[in-house]
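Heads up: the structure comes next, in structure tokens.
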Number of protein chains: 2
Amino acid sequence: MKLAEAKNQFVQAWGTLGSKWGINRTMAQLHALLMISPDPMSAEELMEELNISRGNVNMNIRELIDWGLVEKVHKPRDRKEYFWAEKDIWKITKQVARERKKRELEPVLRVLDQVSKVEGDKKDKNVKAFTDAVSGIKRIAGNADKAIETMFKAEENWFFGGLLKLFK
Amino acid sequence: MKLAEAKNQFVQAWGTLGSKWGINRTMAQLHALLMISPDPMSAEELMEELNISRGNVNMNIRELIDWGLVEKVHKPRDRKEYFWAEKDIWKITKQVARERKKRELEPVLRVLDQVSKVEGDKKDKNVKAFTDAVSGIKRIAGNADKAIETMFKAEENWFFGGLLKLFK
DNA sequence: TGGAACTTTCAAAAGTTATTGAAAGTTTAA
DNA sequence: TTAAACTTTCAATAACTTTTGAAAGTTCCA
């Protein structure tokens with residue numbers, strides 16, 4: 001397989017994966033493209049490679065910057081902005097986990113705390129089913145939370161070594 | 001907080017969470033409703049609680065059944081179908097992980113295997129950046145895959161006990 | 001200061017996904 | 001076999017999300 005073809009397939013696959021996990025397809029494709037680019041890329045190059053408008057590149061790159069996955073870089077003697085993506089997959093994984101935890105897990109945990117204050121007869125099977133379900137979810141979500149926190153502090157080695165040793 | 005209000009907030013929160021993770025909001029809401037219901041519910045009850053059409057209930061319940069999270073149940077002397085959801089959060093977690101792995105992780109791993117056969121000069125920095133990125137992703141994805149496989153075999157206790165002990 | 005080179009914004013258009021509801025299909029029991 | 005009670009399907013449409021592109025904004029430097 002030629003590099004151009006391989007790149008293309010990779011960018012498509014990353015876009016599809018992203019969209020199945022609630023990430024804008026274009027944002028994921030931009031990220032894919034930057035991840036496999038040894039050099040920072042300009043808006044023009046990104047527009048060109050993905051056949052999308054300047055506005056679209058701008059918005060999605062901004063979002064990637066907001067997620068902490070991409071940075072602007074400036075080349076000396078060049079007014080254009082270039083974009084560079086973190087390439088260490090372990091750092092990317094941690095960063096995505098950190099953001100999703102903050103944006104999605106934490107708000108739900110707050111609601112769970114609220115609703116677990118439900119008042120009512122503990123003998124009522126409806127109340128019991130509700131509180132049982134909520135406390136179960138809180139328990140697992142709280143543990144997922146701790147797991148992510150630990151991951152932030154951990155070395156890549158912990159994941160590729162320690163965790164897997166535990167598994168076998 | 002009254003049960004009715006708490007239920008409502010929970011259903012909304014679960015729906016929002018689902019939609020941010022690529023799961024149809026209605027499907028997630030139906031799941032939430034069934035998780036906190038001590039008894040199986042009929043299509044009518046679900047339509048009523050969520051203010052949605054019969055067709056919509058039917059499609060999304062079918063999807064939940066397909067994900068292995070909900071079952072049809074029949075009551076004696078009643079032609080109606082009722083729906084019941086698994087309530088053990090550990091089983092739900094494992095089931096969701098299993099399905100997403102099959103539907104989303106595995107297809108990507110197949111593409112990664114394909115594209116890592118890229119031909120070309122290993123000295124070319126573009127080829128190098130590409131193969132480095134792809135092999136990094138394969139490595140982490142393969143490990144996530146193993147982690148999920150292990151989770152399938154594991155007891156809930158492994159997660160709530162062993163894993164967390166390792167963490168501290 | 002003016003204007004070229006660039007980036008950002010945002011309202012409208014296109015594209016995608018979810019929902020409805022009516023019609024078709026199925027099952028049950030008399 | 002019939003018809004009532006229920007479920008399923010699917011084309012139309014509504015709702016939502018993404019993308020465009022032209023206009024506005026910014027920055028740089030002659």
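All figures in this text were calculated on a predicted structure; none of them were measured in a lab. Each chain gets a letter, A, B and so on, in the order the sequences are listed, and its residues count up from 1.
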Answer yes or no: is there an ion pair linking B/Lys87 with A/Asp132, defined by an N-O contact shorter than 4.0 Å?
no
What is the distance, to the nearest angstrom, from the CG atom on B/Asp78 to the C1' atom on D/dA5?
11 Å
Looking at A/Arg25, I want to see if its CZ is surrounded by more than 12 non-hydrogen atoms of other residues, nucleotides or ligands under 6.0 Å.
no
If the threshold is 4.0 Å, N to carboxylate O, is there a salt bridge linking B/Lys102 and B/Glu99?
yes
Between the side chains of B/Arg103 and B/Asp66, is the shortest nitrogen-to-carboxylate-oxygen separation below 4.0 Å, so that they form an ion pair?
yes
Starting at CG of B/Leu46 and ending at P of D/dT7, how long is that distance when rounded to a whole Å?
11 Å
Sorted by number, residues from residues 7-45 of chain A placing a heavy atom under 4.0 Å from DNA chain C are none
Could you tell me whether the phosphate oxygens of D/dC28, OP1 or OP2, come under 4.0 Å of any side-chain nitrogen or oxygen in A/Lys80?
no
Just how far, in rounded Å, is P of D/dC29 from CZ of A/Arg77?
11 Å
Do B/Glu156 and A/Arg139 meet the salt-bridge criterion of a basic N to acidic O distance under 4.0 Å?
yes
Specify the separation, in whole Å, of atom CE of B/Met47 and atom P of C/dT20.
9 Å
Can any side-chain N or O of A/Ser53 pair as donor or acceptor with the backbone N or O of A/Asn56 at less than 3.5 Å?
yes
Whole angstrom is fine here: how far is it from CZ in B/Arg62 over to C1' in C/dT19?
14 Å
Short N-O contact, A/Lys72 and A/Glu81, less than 4.0 angstrom:
yes
Is atom CD of A/Glu119 surrounded by more than 12 heavy atoms (other residues, nucleotides or ligands) closer than 6.0 Å?
yes
With side-chain contact (heavy atoms from CB on, under 4.5 Å) as the test, would you mind laying out the steps for A/Ile137 and B/Met35 before giving the verdict?
CA-CA 11 Å; A/Ile137 294 166; B/Met35 266 196 302; 4.2 Å; yes
For nucleotides 25-30 of chain C, list the nitrogen or oxygen atoms of the protein found under 3.5 Å from its nitrogen or oxygen atoms, one pair per line.
unit_1	atom_1	unit_2	atom_2	d
C/dT27	O2	B/Arg79	NH2	2.8

Between B/Glu44 and B/Arg54, does at least one N-O distance fall below 4.0 Å, as a salt bridge requires?
yes
Quiz item: cation-pi between A/Lys75 and A/Tyr82, 6.0 Å / 45°:
yes
Under 4.0 Å between a side-chain N or O of B/Asn58 and OP1 or OP2 of D/dT8?
yes
When rounded to whole Å, the CG to C1' distance for the pair A/Asn60 and C/dT7 reads 15 Å
Within the sub-3.5 Å range, which N or O atoms of nucleotides 20-24 of chain D have a protein N or O partner, and how far apart are they?
unit_1	atom_1	unit_2	atom_2	d
D/dT20	OP2	A/Ser53	N	2.7
D/dT20	OP2	A/Ser53	OG	3.0
D/dT20	OP2	A/Asn56	ND2	3.0

